[in-house]
Asks: 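Sharing a structure, written as structure tokens. Questions coming.
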Amino acid sequence: MQKNGYLDYKEIIAEKVGTVLVETGLEKEALYALIEYPPDEKLGDLALPCFQLSKLLKKAPNVIAQELAGQIDPTPYFAAVKATGPYLNFFLAPEFLVKTVLEKIVTDGANYGSRTIGGGQNIVIDFSAPNIAKPFHVGHLCSTVIGNALYKIFEFLGYNCIGINHLGDWGTQFGKLITAYKKWGSAEAVEKGLIKELMHLYVKFHTEAEQDPSLEDEAREWFWKIENGDEEALALWRWFKEISLEEFQRVYDLLEISFDSMAGESFYNDKIDAVIEELKAKQLLEESEGAAIVNLDDYGMPPCLILKKDGSTLYATRDIAAALYRKKTYQFVKALYVTGAAQSLHFKQWFKVVELMGYEWAKDLVHVPFGLVSLKGEKLSTRKGRVVLLEDLLKTAIEKTLAIINEKNPGLLQKEEVAQMVGVGAVVFGALSVNRIKDVTFSWEEALNFEGETGPYLQYTHARACSILRKAGLTPGADITFVPDKLNEPAALRVVKMLYLFPEKVLSAANEYEPSIISRYLIELAHSFNGFYHECQVLVDDRDLQQARLVLVWAVKTVLATGLGLLGIKAPEQM
RNA sequence: GCGUCUGUAGCUCAGCUGGAUAGAGCAACGGACUUCUAAUCCGUAGGCCGCAGGUUCGAAUCCUGCCAGACGCGCCA
């Protein structure tokens, strides 16, 4: 693994201990994996539990710890190496830590934490993917912001990301919509109500269809017409799509998210026949109950449906066609699909089909699932009209932020811009702060909470740091020199230790496709900084002390901004 | 019925590739603004880590079974 020059204490410890234990033939990697962070800072900063070594050395763990403590030369990295029972505990030498970490951050600036491990290779990230003619609601938030964060994180690690918005712009729902439009809609009403009117028609279709099932047949017929090039049907389809895209764009503008490709489902229509032919040629297709399937019994999965009995395609077919196209077009080393966990089986199935087609890169297809968003414990449902529009949520968050600014900092310039950054940041952070896989119940109260572990908390911390730097007249990018020994208070050292962890956290977030690792980390970093802020006055008479503290403040500000950036959140200088 | 995921403080969650006394935030209570932004900080209280077995020197973490919830299981995506 390429270290990109980051200080790595685990590696140092593995090296030192490995040298002492060289006769045992123990691999340094094995030692590295054993090293952990103690639960209490009083015990030390890093620890090597000696239980497992005990088997190898045939000695009691506490004896091993004791002996190792005597044989390891701590300088210049450690202030002390102590055995505490069966643990070998390492206490970091403050000067070395402070000097190495802060100088690295000063040198790297906004690139601190980045790496070159991606080597410019392509990663395709399929995310957001709202359905045309349906509202962009809070249920789409997760895919959109998780995908965007992964995009930024992998770019930061040296990959070239291709963000694809696989729009739901095809399928039977358009038949339903056209049916509803013909029966109860009008051009005027749609022009006026836009997506809300389309949604209204869609909801009406479903309520009416419960009484009159023949509507479903009519809808299928209209979709058949779309697929077979009927001009009237296609024109309506294009119109609905246009209206939807304009509305989606407003949300993406608020979030400041963009895509490299907007190739939705319809884009693959002319690429599907070839896939069917290939599946046939490879003898993977079977006929079952009139439909064409790929049997997956051998893999403990239900069959993957490829064609309906009327010959039209299904989404697995489309996904396979899209994957083949993307591999050919982008030569990806990884393709991520950020969608709800409910689709896990679907992805497992078609990934397997791609593998059975003989493509070794099937292993590079990754489903990144996330939990279900519900509303007061009930499922979101476009059909029943039970949704919270994302645009409404963002707008409300921005309004609330503006109100808070007017109350707390009425003299602030560019209130609107800041309110947007903070309001949107609160919503985005809310979606990124917990493990992807957790189901969430949307609540206005929680989404609009700006205190505690929230986006605004991080932004506020950043703004405070900026404020100190502004008052001190320290300009970013300036040649910053400082006396590391001056940062010797526990509160300051805690902050430096948090800064040290950033590169490691970014890497974990990428490896686990889990932006919340960065979210949690930033909360801890901000918390340690706020503790320092309260305990230590930065602008003091002692020039060396002030300078050292300013560098720390600058480093925190920089890492907070970088981390927030990776999550797709802005870091205002004032708020 | 089968499968996947989730279950940790009143609420929302970290911790889950096994390690030292299980951590945060919110809510509650009590403190800290003449000093760099109190959207902050400090403290108090709050836990059969769903239940029961097993593996291990050691289990919130791994295995098995059970319970509860969510989701999925052929012509929607």
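The figures that follow rest on heavy atoms only: side chains count, while hydrogens, waters and symmetry mates do not. Every chain is numbered from 1 and lettered A, B, ... according to where its sequence line falls, protein lines coming before strand lines. Computed from a predicted structure; not experimentally measured.
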Asks: Enumerate the side-chain hydrogen bond (donor to acceptor under 3.5 Å, both in side chains) contacts for residues 513-538 of chain A, please, sequence neighbours excluded, ordered by first and then second residue.
Replies: K334(A)-Y513(A), N435(A)-S516(A), Y457(A)-N530(A), T461(A)-N530(A), R464(A)-N530(A), E514(A)-S516(A)
Asks: Over all heavy atoms of both residues, which pair between L305(A) and A316(A) is shortest? Give the atoms and the distance, please.
Replies: O-CB, 3.7 Å
Asks: Q546(A) side chain to V540(A) main-chain N or O, any donor-acceptor pair under 3.5 Å?
Replies: yes
Asks: Using the C1' atom in both, what is the distance from rG46(B) to rC29(B), to the nearest Å?
Replies: 11 Å
Asks: So what does the secondary structure string of RNA chain B come out as, 5' to 3', with Watson-Crick or wobble pairs under 3.5 angstrom, [ ] for crossing and | for pairs with another strand?
Replies: (((((((..((((.....[...)))).(((((.......))))).....(((((..]....))))))))))))....
Asks: I want to verify a distance call: between rC71(B), rA20(B), rA39(B), whose nearest atom is closest to the I404(A) side chain?
Replies: rA39(B)
Asks: By the 4.0 Å heavy-atom rule, please label E446(A) as base, sugar-phosphate, or nothing.
Replies: sugar-phosphate
Asks: Name the residue closer to the 5' end of RNA chain B, choosing between K55(A) and S516(A) according to the nucleotide with the nearest heavy atom.
Replies: S516(A)
Asks: If you measure from the P atom in rA22(B) to the same atom in rC49(B), how many Å do you get, rounded?
Replies: 11 Å
Asks: Is there a residue in residues 409-418 of chain A whose heavy atoms reach under 4.0 Å of RNA chain B, and which residues are they?
Replies: none
Asks: Contact class for V422(A) (heavy atom, under 4.0 Å): base, sugar-phosphate, or nothing?
Replies: base
Asks: Over how many whole Å does the gap from R494(A) atom CZ to rC41(B) atom P extend?
Replies: 13 Å
Asks: Please collect all ring-ring contact (aromatic ring centres under 6.0 Å, His included) contacts where either partner lies in residues 289-319 of chain A, sequence neighbours excluded, each pair once.
Replies: Y315(A)-H346(A)
Asks: Which of parallel (below 30°), tilted (30 to 60°) and perpendicular (above 60°) describes H140(A) and H137(A)?
Replies: tilted
Asks: Check the surroundings of atom NZ in K225(A): do more than 12 heavy atoms from other residues, nucleotides or ligands lie under 6.0 Å from it?
Replies: yes
Asks: Aromatic rings W170(A) and W237(A): how do their planes relate, parallel, tilted or perpendicular, breaks at 30° and 60°?
Replies: perpendicular
Asks: Could you state the atom-to-atom distance from CZ of F51(A) to P of rG58(B) in whole Å?
Replies: 11 Å
Asks: Please check: side-chain N/O of T317(A) versus main-chain N/O of I306(A), any donor-acceptor pairing under 3.5 Å?
Replies: yes
Asks: Specify the separation, in whole Å, of atom CG of D439(A) and atom P of rU12(B).
Replies: 12 Å
Asks: Across the strands shown, which category fits V434(A) at heavy-atom distances under 4.0 angstrom: base, sugar-phosphate, nothing?
Replies: sugar-phosphate
Asks: Taking the chi torsion of rC33(B), is it syn (within 90° of 0) or anti (everything else)?
Replies: syn
Asks: Can you tell me which residue pairs pass the side-chain hydrogen bond (donor to acceptor under 3.5 Å, both in side chains) test with a partner in residues 417-426 of chain A, sequence neighbours excluded?
Replies: none
Asks: For L539(A), report the nucleic acid contact type (base, sugar-phosphate, nothing); a contact means any heavy atom under 4.0 Å.
Replies: base
Asks: Can you check each nucleotide of nucleotides 72-77 of chain B against protein heavy atoms at under 4.0 Å and return B for base, S for sugar-phosphate only, - for none, in 5' to 3' order?
Replies: SSBBSB
Asks: Measure OH/Y533(A) against C1'/rA39(B) and give the value in whole Å, please.
Replies: 12 Å
Asks: When you compare rU55(B) with rC42(B), how far apart are their C1' atoms, in angstrom units rounded to a whole number?
Replies: 44 Å
Asks: Residues two or more places apart in sequence or in another chain: which of them pass side chain to side chain donor-acceptor pair (under 3.5 Å) with K348(A)?
Replies: none
Asks: Rounded to the nearest angstrom, tell me the gap between atom NE2 in H534(A) and atom P in rC41(B).
Replies: 6 Å
Asks: Please classify the nucleic acid contact of C50(A) as base, sugar-phosphate, or nothing, using heavy-atom distances under 4.0 Å.
Replies: nothing
Asks: Quick check: does any side chain N or O of D169(A) sit under 3.5 Å from a backbone N or O of E265(A), one acting as donor and the other as acceptor?
Replies: yes
Asks: For G371(A) and D439(A), which heavy atoms make the closest approach, and how far apart are they?
Replies: CA-OD1, 3.4 Å
Asks: What's M575(A) touching, base or sugar-phosphate or nothing? Going by heavy atoms closer than 4.0 Å.
Replies: base
Asks: Among residues at least two apart in sequence or on other chains, which ones pass salt bridge (charged side-chain N to carboxylate O under 4.0 Å, His left out) with R470(A)?
Replies: none
Asks: Are more than 12 heavy atoms from other residues, nucleotides or ligands located less than 6.0 Å from atom CG of D541(A)?
Replies: no
Asks: Using distance only, find each side-chain donor-acceptor pair of residues 407-415 of chain A under 3.5 Å and give its atom names and separation, not counting sequence neighbours.
Replies:
from	atom 1	to	atom 2	distance (Å)
N409(A)	ND2	M575(A)	O	2.8
K415(A)	NZ	N406(A)	OD1	2.8
K415(A)	NZ	P410(A)	O	3.0

Asks: Round to the nearest Å and state the distance from L31(A) atom CG to rU17(B) atom P.
Replies: 20 Å
Asks: OP1 or OP2 of rG15(B) versus the side-chain N and O atoms of N435(A): is any pair under 4.0 Å?
Replies: yes
Asks: Without decimals, in angstroms, what is the distance between Q459(A) CD and rU40(B) P?
Replies: 12 Å
Asks: Do any N or O atoms of the protein come closer than 3.5 Å to N or O atoms of nucleotides 44-47 of chain B, and which pairs are they?
Replies:
none

Asks: Please measure how far the C1' atom in rA60(B) lies from the corresponding atom in rC16(B), and state the result in whole Å.
Replies: 7 Å
Asks: Just by protein heavy atoms under 4.0 Å, how would nucleotides 21-30 of chain B read 5' to 3' in B, S and -?
Replies: B--BSS----
Asks: What does nucleotides 1-8 of chain B look like as a protein-contact string, B for base, S for sugar-phosphate only, - for none, at under 4.0 angstrom between heavy atoms?
Replies: ----SSS-
Asks: Which heavy atom of L560(A) sits nearest to which heavy atom of A526(A), and what is that distance?
Replies: CD2-CB, 4.4 Å
Asks: With sugar-phosphate meaning primed atoms plus P, OP1 and OP2, does Y457(A) contact a base, only sugar-phosphate, or nothing at under 4.0 Å between heavy atoms?
Replies: sugar-phosphate
Asks: Please give, in whole Å, the distance from rA20(B) P to F90(A) CZ?
Replies: 17 Å
Asks: Which pair of heavy atoms, one from A322(A) and one from H166(A), lies closest together, and at what distance?
Replies: CB-CE1, 4.3 Å
Asks: Looking across every strand, which nucleic acid part, if any, lies under 4.0 Å from I405(A) by heavy atom: base, sugar-phosphate, or nothing?
Replies: base
Asks: Are any side-chain N or O atoms of R220(A) and backbone N or O atoms of G175(A), one a donor and one an acceptor, separated by less than 3.5 Å?
Replies: no
Asks: Output yes when a side-chain donor or acceptor of Q173(A) lies under 3.5 Å from a complementary backbone atom of A133(A), and no otherwise.
Replies: no
Asks: With heavy atoms under 4.0 Å as the rule, sort N89(A) into base, sugar-phosphate or nothing.
Replies: base
Asks: Using the P atom on both, measure rG10(B) against rC5(B) and round to a whole Å.
Replies: 27 Å
Asks: Name the nucleic acid region contacted by A47(A), choosing base, sugar-phosphate or nothing; use a 4.0 angstrom heavy-atom cut-off, strictly under.
Replies: base
Asks: C1' atom, rG50(B) versus rU8(B): distance in rounded Å?
Replies: 10 Å
Asks: Taking D8(A) for the side chain and E11(A) for the main chain, is one N or O donor matched with an acceptor at less than 3.5 Å?
Replies: yes
Asks: Strictly distance-based, threshold 3.5 Å: is any side-chain N or O of D126(A) a donor or acceptor partner for the main-chain N or O of L336(A)?
Replies: no
Asks: Taking the P atom in each of rA20(B) and rA38(B), what is the distance between them to the nearest angstrom?
Replies: 37 Å
Asks: Can you label the angle between the F347(A) ring and the W350(A) ring as parallel, tilted or perpendicular, going by 30° and 60°?
Replies: tilted
